[in-house]
Every structure is written in C-alpha cells, then in structure tokens.
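On a predicted model such as this, the values are computed, not experimentally measured, just so you know.
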Amino acid sequence: MARLVGVDLPREKRLEVALQYIFGMGETRAKATLAATGVSPDIRVKDLQEPDLIKLREFPVRGQRTHTNARTRKGPRVAIAGKKKETK
C-alpha cells in the first residue's frame, strides 16, 4: 500500500487519479507533480515501484504560511471584549 503525506492511496486507481485523494491536490497539480518527478501517470498505485514513491515523497511543495493568513475566510479582525492593555 502506498502512503503519501499521511494518506493511503487507493491501490486499484491510476496514479494520476489516486494523488487527488491528498487534500489540496487537484487534477492540475497531480499532473504537474508527475511531470516534474518523471513518474508515469498511467501506472496503477499497486504497481508503483519504491524509487518512484521516494521521488513523490521528496518532491518540494509550496510552503504557504497557514498560521496568520486566513483573513479572507475568517473575516475582519474583531477585538476581544474585556481585554485591556497594560499601563506603565
């Protein structure tokens, strides 16, 4: 069983489709990843060789900052009621 980024890939699916089971990986990014690593998108996950799996695991990903950049989803900042600043 192939496991990438904490996700078990379905064994009977083509690699191009199986990569889409990873959160945030769509069709376009799956194709781009396979093209960049040189792994064939037509092979099944069960037929995936260990060197190909290592290539996919080591492929560098885009590192967005997720701690403080979600203002679009969260909405505007709201002050917490009752919290006061220290005075000197």
Side-chain angles (χ1 to χ4, degrees):
M1 177 175 300
R3 189 166 174 85
L4 284 175
V5 198
V7 177
D8 292 329
L9 300 179
R11 295 176 48 81
E12 298 299 323
K13 297 209 181 271
R14 291 176 57 234
L15 191 56
E16 184 178 21
V17 175
L19 284 178
Q20 296 176 32
Y21 280 71
I22 298 171
F23 180 78
M25 177 91 66
E27 183 179 352
T28 304
R29 185 158 298 157
K31 286 180 181 179
T33 300
L34 291 171
T37 56
V39 180
S40 173
D42 296 323
I43 61 174
R44 304 277 171 175
V45 174
K46 64 181 179 181
D47 299 329
L48 192 62
Q49 299 296 321
E50 192 64 31
D52 294 335
L53 193 57
I54 291 170
K55 283 183 195 175
L56 289 170
R57 282 192 184 130
E58 292 177 350
F59 183 70
V61 296
R62 295 165 46 174
Q64 290 92 352
R65 179 172 171 82
T66 58
H67 183 67
T68 58
N69 68 347
R71 280 293 128 205
T72 303
R73 187 185 69 79
K74 291 181 179 179
R77 290 191 172 100
V78 178
I80 299 172
K83 188 172 184 180
K84 297 182 179 178
K85 293 185 178 179
E86 280 188 35
T87 57
K88 291 186 178 182

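In summary, E12 and K46 engage in a salt bridge, as defined by a charged side-chain N under 4.0 Å from a carboxylate O.
Residues L34 and V7 are members of one and the same hydrophobic cluster, defined by side-chain heavy-atom contacts under 4.5 angstrom among Ile, Leu, Val, Met, Phe, Trp and Tyr. Side-chain heavy atoms closer than 4.5 Å link hydrophobic residues (I, L, V, M, F, W, Y) into clusters, and following such links, even through other members, never connects M25 to I54.
Heavy-atom minimum distance, A18 versus K13: CB-CB, 4.3 Å.
Atom CZ in R57 sits 11.5 Å away from atom CG in D52 (nearest 0.5 Å). Rounding to the nearest 0.5 Å gives a distance of 14.5 Å between CG of L4 and OH of Y21. Rounding to the nearest 0.5 Å places OG1 of T33 at 13.5 Å from NZ of K55. Note: R44 CZ to R14 CZ = 7.0 Å, rounded to the nearest 0.5 Å. For the atom pair CD of E27 and CD of E16, the computed distance is 6.5 Å after rounding to the nearest 0.5 Å. Residue L48 holds its CG atom at 5.0 Å from CG of L53, rounded to the nearest 0.5 Å.
The backbone N or O of V45 sits nowhere less than 3.5 Å from a side-chain atom of R11 that would complete a donor-acceptor pair.
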